[in-house]
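See below for the structure under consideration.
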Amino acid sequence: MAQKPSIPKGTRDFGPSEMVKRNYIFDTVKSVFKLYGFQPIETPAMENLSTLMGKYGEEGDKLLFKVLNSGDFLTNAPENILTEKNSTKLTHHISEKGLRYDLTVPFARFVVQHREEVQFPFKRYQIQPVWRADKPQKGRYREFYQCDVDVIGSNSLLNEVELIQIVDEIYNRLNIRVAVKINNRKILSGIAEVIGQPDKIIDITVAIDKLDKIGIEKVNLELEEKGLPRQAITQLQPILNLSGSNIEKLVQIKEVLKTSEIGLKGVSEMETVFDWLAPLQIQCPVELDLTLARGLNYYTGAIFEVKALDMQIGSITGGGRYDDLTGIFGLPGVSGVGISFGADRIYDVMDHLDLFPKNAATTTQLLFVNFGEKEQSWCLPVVSQIRAKGITTEIYPEPAKMKKQMGYANDRKIPFVAIVGEVEMNSGLITLKDMENGEQYKLSFDELIDKLSSK
RNA sequence: GUGGAUGUAGUUCAGUUGGUUAGAGCGCUGGAUUGUGGUUCCAGAGGUCGCCGGUUCGAACCCGGUCUUCCACCCCA
């Protein structure tokens, strides 16, 4: 009895029509990355758990897919932990590999491991799937592609500016209206410092990240639950209520943070970024958003998030600066900054808004109808010559009924069909049918090439 | 991980208070048309009603479990 085939929860198959559209996204993203001088790398799907664990916060560790050790993986597990049934403890004994959760941490590992070979500053792009054991929803998958660009080994804020340019360029090319939100972890640290709660930085950021979603009341409630003193919460209020232009906000926050060295550093970084950004022709709005926090806890400086303006979906691009990521792997003092484009969410947005170019569906330009062996051997060399001219051409692989072959061309949206039978072989002229308007012409080889190249 | 919804033909969906043989549109296959698709007409194939169990004389329908997809929380691309 054959079982019904299926794939794991949160994963998907992609058919030809979807792949054409997905490749359109990958191609434009990649071409912009290259335009800015980034170089490609790839890393394995699996990493050692030791390089993955502890980099994404407590939640992140839970969302890692772990791979069981090969062989009889239970033999090395201590008896007491087995009987205890403590999954967390048991994991260390039965699993030492995991599927990568993002591309940034593997990249940091790559840089440290290949430090003698890479030229700093190292600008790399990487387009590969990542896996998260999240509960799937719309726009949330367990396997999805990230398109990362990072510059590592350069502290310059020029990199932050260039990343924003890249975001702008890519979304212009894809025709998606977006807003870039930017903030700085140093400012957030400064805030925590000023209100006297430097060790509560993560709780504070996570809570205020939800400001526009749940409102100020509930944010305050959450802060209280996390053990923040009343007074600290009160001190936080003016910061949450900042308004005005980016510059105006920075002026206000500077005043609040005047006693915090790190906070002022963050403010000055943001000032520089906006300063350098000003004369550039950036199409999309770039907004300083002090409630933007981002959960990944390796960020230390600028943080970015990009939202689609015309569809309600999670962020479609995110990133930031990380000063210590390579330090964890034994190479301190190398700062990096990067962003990640979520290809699958970009696809969902473009599909929903019908932004994919129409002609993207066409792959084959010309189909030769197959009438039989004699006609086939006459056509085959002609087909090769046409392909040599760079025209995508197919010949139907068997002498099926005309109706079937025409139907194939129709379904595949092939714009031209070549018909070669007795008459054509004798005259040397090929009958070319335009599938759009049904018109037919008898053309010489050169005329046919001419006709198809002009399209 | 917590809470809530959902699942019927390839697909989108009907299916009455539990009652004989579970329907439709689109798609698919064949024919009208042995050298002409996309339009039209005719015919046909295709379903263990997500899966497992229970209640019942009888379950697509009621109950329990499980899986999928979707929504909210959490988090994120």
Side-chain angles (χ1 to χ4, degrees), chain A residues 1-4 6-12 15 25 29 56-64 87-88 101-104 127-148 167 178 202 205-207 209-210 213-214 218 222 292-297 303-308 312-320 338-349 367 369-372 375 396 399-425 431-440:
Chain A
M1 172 90 180
Q3 58 166 334
K4 235 183 206 171
S6 65
I7 54 176
K9 189 205 291 220
T11 65
R12 296 149 306 151
I25 294 173
V29 165
Y56 310 107
E58 217 176 297
E59 272 300 306
D61 284 354
K62 281 187 209 157
L63 299 178
L64 282 170
S87 319
T88 321
Y101 179 91
D102 72 354
L103 300 178
T104 308
I127 299 175
Q128 289 191 274
V130 304
W131 294 267
R132 294 181 188 177
D134 227 330
K135 199 162 177 176
Q137 285 179 32
K138 199 177 203 79
R140 168 173 300 182
Y141 308 100
R142 286 185 153 180
E143 179 184 60
F144 61 97
Y145 272 74
Q146 291 195 324
C147 314
D148 272 40
V167 168
V178 296
I202 293 189
T205 54
V206 167
D209 187 36
K210 297 173 198 161
K213 215 169 181 179
I214 61 175
K218 288 193 175 167
E222 181 164 331
L292 173 64
R294 298 191 58 77
L296 297 181
N297 56 14
I303 44 186
F304 312 98
E305 200 161 284
V306 178
K307 289 227 157 194
Q312 182 84 31
I313 193 166
S315 68
I316 54 179
T317 293
I339 43 168
S340 177
F341 291 78
D344 304 78
R345 283 186 180 174
I346 293 172
Y347 180 100
D348 288 344
V349 170
L367 174 78
V369 170
N370 190 331
F371 280 122
E375 291 83 352
Y396 200 85
K401 285 186 181 158
M402 189 82 164
K403 181 182 164 75
K404 183 156 174 79
Q405 301 193 42
M406 295 300 280
Y408 174 83
N410 202 53
D411 290 349
R412 291 275 314 276
K413 298 191 171 65
I414 297 172
F416 292 98
V417 171
I419 299 163
V420 176
E422 201 76 36
V423 185
E424 286 81 2
M425 288 195 295
T431 298
L432 184 74
K433 174 162 181 151
D434 185 327
M435 291 297 279
E436 213 167 304
N437 53 27
E439 284 175 36
Q440 287 187 199

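Below, chain A is the first sequence line, B the second, and so on; all start at residue 1. Atoms considered below: every heavy atom in the structure, side chains included; atoms not considered: hydrogens, waters and symmetry mates.
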At less than 4.0 Å, is any side-chain N or O atom of [X] found next to OP1 or OP2 of [N]? Yes or no.
X	N	value
A/Lys138	B/C70	no
A/Gln137	B/U69	no
A/Lys135	B/G4	no

Whole angstrom value for the distance that separates P of B/G31 from NZ of A/Lys403: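 Atom-to-atom, A/Lys403 to B/G31, this comes out as 8 Å.
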Just how far, in rounded Å, is C1' of B/U68 from CZ of A/Arg142?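 To the nearest whole Å, that distance equals 12 Å.
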Would you mind classifying the nucleic acid contact of [X] as base, sugar-phosphate or nothing, using non-hydrogen atoms under 4.0 angstrom?
X	value
A/Gly421	base
A/Gly10	sugar-phosphate
A/Ile419	base

Pairing partner (Watson-Crick or G-U wobble, both distances under 3.5 angstrom) of [N]:
N	result
B/G58	none
B/C73	B/G1
B/G30	B/C42

A/Leu63 vs A/Met435, nearer the 5' end of RNA chain B by closest nucleotide: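 Nearest-nucleotide comparison on RNA chain B picks A/Met435.
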Heavy-atom nearest nucleotide on RNA chain B for A/Gly60 versus A/Lys9: which residue maps closer to 5'?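 With A/Gly60 and A/Lys9 compared, the 5'-side residue is A/Lys9.
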Just wondering, do [Y] and [X] contact through their side chains at under 4.5 Å, heavy atoms?
X	Y	value
A/Phe304	A/Thr317	no
A/Tyr145	A/Pro129	yes
A/Arg345	A/Phe144	no

B/C70 and B/U8, which share atom name P, separated by this distance in whole Å: 14 Å
Counting side-chain heavy atoms from CB outward, which of B/G35, B/A77, B/G37 is closest to A/Arg132?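 Selected nucleotide: B/A77.
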